Amino acid sequence: MASLLQETSQKVITPEILRSAAKQSQRCLVVPVRLRRAIKKYLREQEVPHLKRKVLRLSDSFSGIKDVNLQLAATTSKELVEDPLKSVAQSKRWKIKSCYGDIGFQYRDDETIAYVASRMPAVFSACYRVLNEVRRRLPDFSPSSVLDFGAGTGSAFWALREVWPHSVEKVNIVEPSQSMQRAGRSLIQGLKNLPLIHGYDSIQALNKDISKSEREHDLVIASYVLGEIPSLKDRVTIVRQLWNLTKDALVLVEPGTPHGSNIISQMRSHILWMEKRKWRKHENNKNIASKDLITQKCGAYVVAPCPHDGICPLVNTGKYCHFVQRLERTSTQRAYKRAKGESLRGFEDEKFSFVVFRRGQRPREPWPLDGMKFETLKEQHAKRNPEDLEIDYEDLIKLNTQDIVPYQEVDPVTYDSDVIETEILDDGEEEGEEEQGESALADFGGGWGRILFSPIRRGRHVSMDICRSTTRDASEGSFERVVVTQSKNPTLHHQARRSVWGDLWPF
């Protein structure tokens, strides 16, 4: 039995509290009933022939865009991120009103329908995973106004409805494809208690339509869109515009590929560099009153996944930061997606890269294991009483027989996620709303690292690749392998054996 961790200041943390704070990953996600129904209804109304062929063609188009983007000059990316003011031309480029839409691939009606049938559930699952972590890490954050850039068919909007079903009052979407805007409106038909939704084809149209005082949004999200913009300079321009429209939090999500991770890393470096530069300018100001005002508006820190605001430690390592969300395939995905030489699995793993920024200065919090004293396995054994070692064989036999469950053949129909579509949902009941009463939450003081890859469990020790902060102010970080053994620390070993890719790790 895992022992309690005791701090000298009479603070007691149990393994259960530690586990609750570290847990960030999601189990196999089931797409909500309402979304599955909406997709099936939309596809029935379209009646498009040869949809399987169109889905395959869409997948090939995505691969083509990825290949083109990989041919971009690496030197240009490096110069733009590391020294954005190196040339006058680049500094002027930021002030150009770039128009998103020139992506080399236009979504017409056929591509939009294929996207809804094959890709929308997976993109929804990634957005839900990211936004759900934002809710866990920021329990006081409940956005009322949201900007969804590159909204597509509304995957991020459906995730917002699941994570914050009651707080969102206004949503502005920016999507240049009229076909996708029409599909998004069709999918939400019949939903109740919808927020006020306005659609625009560009950021310029958004800024022109609303007043300057209303342009800032509590939450700005751009999911699976930056990778479709070939020009790196246009990406930087757009992200700067999105940051200017952000009042509190900015969320960027891209596919979990080396290219997608590279985009996230570049945008992360640029925003942090930009805010640090702005902060240094105002730090020299001798007016204390204006300093207090600037403190609230200047600065930015990474909410997730990075535990620090320093240079990414994965640079030049050959590894890239990404995560995975498993989802149970819907009936439409299984009907229209093809497998290569094998039968299509009942689930798929959606890999994604993301970053979440928040305005302001990173909170200074004590590290979770400060002052903690752990008992070794030898010390735990020394404390055991001889009576505790006695075995009642009759009770042991009864306990073992209770765990035996007779084998039953699983009905394949019950695995289908669409079976539960027949369930009647009360209009007042919000599906997917989870319990939010976690017993503990991980803070942002830099004492929580991130498990970047699947832990390796061998015997009585667990190896984990962790990105962590190396300074108390979380200004610098490192990537290192942590090995936890049962003999030296049975409590953390118990935690490590239950940790998965994407969870946090205390320091």
Side-chain angles (χ1 to χ4, degrees), residues 58-81 84 89-108 111-112 115 119 123 126-127 130 147-156 172-181 184 199-207 220-246 250-271 274 320 322 352-355 357:
L58 179 68
S59 178
D60 294 338
S61 300
F62 285 146
S63 299
I65 292 175
K66 182 175 67 175
D67 294 338
V68 170
N69 286 332
L70 290 176
Q71 296 175 5
L72 295 174
T75 55
T76 305
S77 305
K78 186 176 180 181
E79 290 177 0
L80 188 60
V81 173
Q90 288 176 347
S91 63
K92 288 182 178 179
R93 178 70 180 181
W94 290 337
K95 300 176 183 179
I96 296 176
K97 293 183 177 180
S98 174
C99 180
Y100 162 66
D102 184 17
I103 60 176
F105 177 74
Q106 299 294 332
Y107 284 97
R108 299 181 296 271
E111 288 79 11
T112 299
Y115 183 91
R119 286 292 299 154
V123 176
C127 292
V130 173
L147 171 61
D148 186 2
F149 177 77
T153 57
S155 301
N172 291 323
I173 66 172
V174 176
E175 174 54 56
S177 171
Q178 294 301 315
S179 175
M180 282 206 156
Q181 282 202 35
Y200 304 92
D201 59 1
S202 66
I203 295 180
Q204 290 68 47
L206 170 71
N207 292 334
V220 177
I221 180 170
S223 61
Y224 288 74
V225 59
L226 297 177
E228 295 181 350
I229 303 173
S231 170
L232 174 64
K233 295 180 180 180
D234 279 347
R235 285 190 211 128
V236 173
T237 301
I238 288 169
V239 170
R240 285 174 64 95
Q241 291 174 340
L242 294 178
W243 182 244
N244 291 333
L245 295 171
T246 302
L250 171 65
V251 178
L252 305 178
V253 187
E254 286 297 310
T257 61
H259 179 63
S261 177
N262 187 40
I263 292 174
I264 294 296
S265 178
Q266 290 171 353
M267 300 306 108
R268 174 187 180 275
S269 299
H270 184 76
I271 288 184
M274 181 175 61
Y320 62 100
H322 67 294
F352 62 95
S353 298
F354 77 104
V355 64
F357 302 97

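Keep in mind the model is a prediction, meaning the values are calculated, not measured. In what follows, every heavy atom counts, from backbone to side chain, and hydrogens, waters and symmetry copies are set aside.
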For this session: I would like to know whether I271 and L250 meet side chain to side chain contact (heavy atoms under 4.5 Å, CB included); could you show each step before the answer?
Result: CA-CA 11 Å; I271 288 184; L250 171 65; 3.7 Å; yes

For this session: Quick one: do H270 and V239 satisfy side chain to side chain contact (heavy atoms under 4.5 Å, CB included)? Show the steps, please.
Result: CA-CA 9 Å; H270 184 76; V239 170; 5.7 Å; no

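Atom-to-atom distance recorded for L206:CG and F149:CZ is 10.5 Å, nearest 0.5 angstrom. Atoms CD and OH, from Q181 and Y200 in turn, are 10.5 Å apart once rounded to the nearest 0.5 Å. The distance from atom OG1 of T153 to atom CD1 of I173, rounded to the nearest 0.5 Å, is 10.0 Å. Between the OG1 atom in T237 and the CD1 atom in I229 there is a gap of 9.5 Å [rounded to 0.5 Å]. Note that CG of L147 is 11.0 Å distant from CD of Q241, once rounded to the nearest 0.5 Å. For the atom pair CZ (F352) and SG (C127), the distance works out to 9.5 Å, reported to the nearest 0.5 Å.
In terms of modelled atom types and a separation under 3.5 Å, the side chain of E254 and the main chain of A222 share no donor-acceptor contact. Distance alone, capped at 3.5 Å, places no donor-acceptor pair between the N262 side chain and the P258 backbone.
The shortest distance between side-chain heavy atoms of L226 and M267 falls below 4.5 Å. At a threshold of 4.5 Å between non-hydrogen side-chain atoms, the residues T246 and F357 do not count as touching. You'll find the side chain of D148 stays beyond 4.5 Å of the side chain of E175, heavy atoms only. Between V220 and W243 there is no side-chain heavy-atom pair separated by less than 4.5 Å.
S155 and V123 make their closest contact through CB-CG1, 3.7 Å (heavy atoms, listed as atom of the first residue, atom of the second, distance). Taking every heavy atom of both residues into account, V225 and G150 meet most closely at CG2-CA, 3.9 Å.
Remark: N207 pairs with I203, R215, L245 by the side-chain contact (heavy atoms from CB on, under 4.5 Å) rule, at least two apart or across chains. Y224 is linked by a ring pair (Phe, Tyr, Trp, His ring centres under 6.0 Å) to nothing, counting only residues two or more places apart in sequence or in another chain. Residues passing the side-chain contact (heavy atoms from CB on, under 4.5 Å) test with S261 are Y320, C321, S353, sequence neighbours excluded.
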